[in-house]
Student: 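Have a look at this one before I ask anything.
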Amino acid sequence: MDYTDDVRGIIIGGFTFPYEFWTEKKPLGSCGIDILSVKIDKRHFLNDEDAVEWFKEKYPEEFKAGVEMRVFDQK
């Protein structure tokens with residue numbers, strides 16, 4: 001049986017998308033890597049504005065220094 005199109009239910013709230021927040025750092029020591037990408041946090045949000053506001057409140061110093069925000073559309 002193929003259940004891919006046979007989904008029934010009610011969505012309460014709205015669709016959320018996974019967001020990740022990344023920064024670049026220079027690693028300590030001589031490991032041969034100039035810049036290292038580091039994931040700060042990840043959460044699900046309804047939109048970019050909610051994600052930015054949450055990050056600004058939770059990580060104010062990282063927000064000021066600059067961060068890369070990645071969103072994954074799972075359509």
Side-chain angles (χ1 to χ4, degrees):
M1 293 182 117
D2 182 13
Y3 293 103
T4 57
D5 292 328
D6 190 20
V7 178
R8 296 186 183 131
I10 298 172
I11 297 173
I12 298 173
F15 289 103
T16 59
F17 299 97
Y19 283 75
E20 293 182 352
F21 303 91
W22 292 75
T23 189
E24 291 183 345
K25 294 185 178 182
K26 290 191 176 259
L28 298 175
S30 58
C31 61
I33 301 173
D34 292 335
I35 295 177
L36 184 65
S37 291
V38 178
K39 183 170 28 176
I40 300 171
D41 208 333
K42 64 179 181 177
R43 301 273 183 211
H44 283 75
F45 297 97
L46 291 172
N47 55 50
D48 291 351
E49 292 79 21
D50 290 348
V52 170
E53 277 304 310
W54 175 85
F55 189 83
K56 195 186 305 186
E57 289 177 18
K58 178 128 180 168
Y59 298 97
E61 294 302 316
E62 289 84 350
F63 181 78
K64 289 177 189 175
V67 66
E68 177 184 344
M69 182 173 75
R70 301 176 187 175
V71 62
F72 300 91
D73 183 2
Q74 296 184 352
K75 290 183 182 180

Student: Between NZ of K42 and CH2 of W22, what distance do you get to the nearest 0.5 Å?
Tutor: 10.0 Å

Student: Quick one: does any side-chain atom of Y19 pair with a main-chain N or O of D48 as donor and acceptor, under 3.5 Å?
Tutor: yes

Student: Grab the two heavy atoms, one from A51 and one from M69, that are nearest each other, plus how far apart they are.
Tutor: CB-SD, 3.9 Å

Student: Are K58 and D41 side-chain neighbours, meaning at least one heavy-atom pair lies under 4.5 Å?
Tutor: yes

Student: To the nearest 0.5 angstrom, please state how far the CD1 atom of I40 sits from the CD atom of E68.
Tutor: 10.0 Å

Student: With F45, which of F17, F72, W54, F55 fulfils ring pair (Phe, Tyr, Trp, His ring centres under 6.0 Å)?
Tutor: W54

